[in-house]
Amino acid sequence: MTESLTHLEINGKKATLQINRPNQLNALNKQVLEEIHNHCHFLNENKQIKVLIICGSGDKAFVAGADIKEMQDFNSPERATQFSIFGAKTFSMLENLPQITIARVQGFALGGGLELALACDFIIASEKARFGLPEVTLGLIPGFSGTQRLTRRIGASKAIEWISTADKYSAAEAHLHGLVNHVTKHDELESFTDQISDKIIKNAPHAIQVAKKVIKQGIELRFEEGCSLESSEFGLLFVGSEAKEGMKAFIEKRPANF
Ligand code: CO8
């Protein structure tokens with residue numbers, strides 16, 4: 001039996017997905033991508049899980065990119081395109097999960113590794129994390145939607161500079177550029193990420209799912225269309241059980257029980 005290269009741990013309403021190839025700096029080969037794909041299917045069907053944290057194993061890398069050794073054997077453009085499409089499809093599933101997804105980055109997040117982190121709702125990084133899209137040093141470009149997601153996250157001119165220089169950026173620089181939400185001390189990364197997860201888990205779960213959906217869909221819409229989507233979803237939530245409990249709890253001066 002093939003040994004699993006990822007591990008999904010479920011702890012109440014929180015799941016942690018670890019990429020487990022530390023000796024290869026958690027590089028994404030076909031098997032890892034397939035396993036992420038399968039975990040996404042599972043998470044999509046298990047909406048009682050509210051938060052997903054993605055992390056790498058070992059201290060050195062979140063994920064150092066697609067597996068260059070495996071890619072080297074691709075012997076046709078079709079094979080490479082197929083791998084790119086499968087990765088893009090997997091990351092798109094991840095992006096659209098009902099859970100709030102957090103990339104917990106403790107080391108290198110390069111190439112496909114940064115693309116994986118970009119498909120999460122946000123990134124929390126340790127001060128030791130390093131980010132970059134070095135594909136042009138290999139004669140390639142990002143292939144798991146990195147050209148699109150990095151551009152939407154930090155803007156076209158910064159994305160062009162990042163991709164064309166292939167530079168690696170510190171966590172502080174990535175934070176300054178708007179890629180990373182929080183930078184923590186290295187040994188506080190896990191506890192800080194857990195604190196953020198706990199806050200999310202306490203709040204109204206369906207409202208959070210709707211907020212994520214409205215934000216994601218709104219990016220693709222004209223401003224007025226996005227506002228209109230927000231208003232109609234607001235109306236639907238207003239008559240739901242979560243809003244009844246949330247507002248009642250406020251009036252009764254007690255914590256809401258979602
Ligand atoms: N793929 C395969 N193996 C890797 C990768 C990788 N991306 N990164 C590291 N490794 C392996 C090394 O080969 C080495 O293995 P071994 O001990 O068997 O030789 C082990 O991990 C440790 O790595 P290093 O010895 O290189 O560690 P260093 O501390 O010296 O360097 C770096 C760390 C700077 C992270 C360095 O390993 C590095 O530059 N890695 C490659 C980074 C990179 O270029 N990433 C982009 C890859 S391309 C990509 O992601 C495209 C995505 C889209 C694909 C579309 C499909 C067609």
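Numbering starts at 1 and runs along the sequence shown. Remember, it's 1-based here, ligands and their atoms both numbered in the order they're listed.
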Exercise. Have a look at Tyr169 and tell me which of Phe108, Trp162, Phe131 forms a ring-ring contact (aromatic ring centres under 6.0 Å, His included) with it.
Key: Trp162

Quiz item: Among Val183, Val105, Ile124, which residue meets the side chain to side chain contact (heavy atoms under 4.5 Å, CB included) test with Leu189?
Solution: Ile124

Quiz item: Any salt bridge between Glu245 and Arg254, counting N to O under 4.0 Å?
Solution: yes

Exercise. Check Ala66 against ligand 1 and report side chain, backbone, both or neither, counting heavy atoms closer than 4.0 Å.
Key: both

Quiz item: Hey, does Glu70 sit under 4.0 Å from ligand 1 if you only count heavy atoms?
Solution: no

Self-check item: Geometric N/O contact Pro142 with ligand 1, under 3.5 angstrom
Solution: no

Self-check item: Carboxylate-amine/guanidinium proximity below 4.0 Å for Lys14 and Asp194
Solution: yes

Quiz item: Hey, does Asn23 sit under 4.0 Å from ligand 1 if you only count heavy atoms?
Solution: yes

Quiz item: Just by distance, do the side chain of Thr151 and the backbone of Ala156 share a donor-acceptor pair under 3.5 Å?
Solution: no

Quiz item: Closer than 4.0 angstrom: is that true for some heavy atom of Asp67 and an atom of ligand 1?
Solution: yes

Quiz item: Does ligand 1 have any atom sitting under 4.0 Å from a heavy atom of Arg130?
Solution: no

Quiz prompt | Ion pair check, Lys216 and Glu95, cut-off under 4.0 Å | solution = yes

Quiz prompt | Contact (N/O only, under 3.5 Å) between Ala80 and ligand 1 | solution = no

Quiz item: Any idea how His37 and Phe86 line up, ring-wise: parallel (<30°), tilted (30 to 60°), or perpendicular (>60°)?
Solution: tilted

Self-check item: Close N or O approach (Ala64, ligand 1; < 3.5 Å)
Solution: yes

Quiz item: For ligand 1, is Gly87 a contact, meaning one of its heavy atoms is under 4.0 Å away?
Solution: no

Self-check item: Contact atoms of ligand 1, heavy-atom distance to Glu115 under 4.0 Å
Solution: 52 (C), 53 (C)

Quiz prompt | Atom indices of ligand 1 within 4.0 angstrom of Leu110 heavy atoms, with elements | solution = 35 (C), 42 (C)

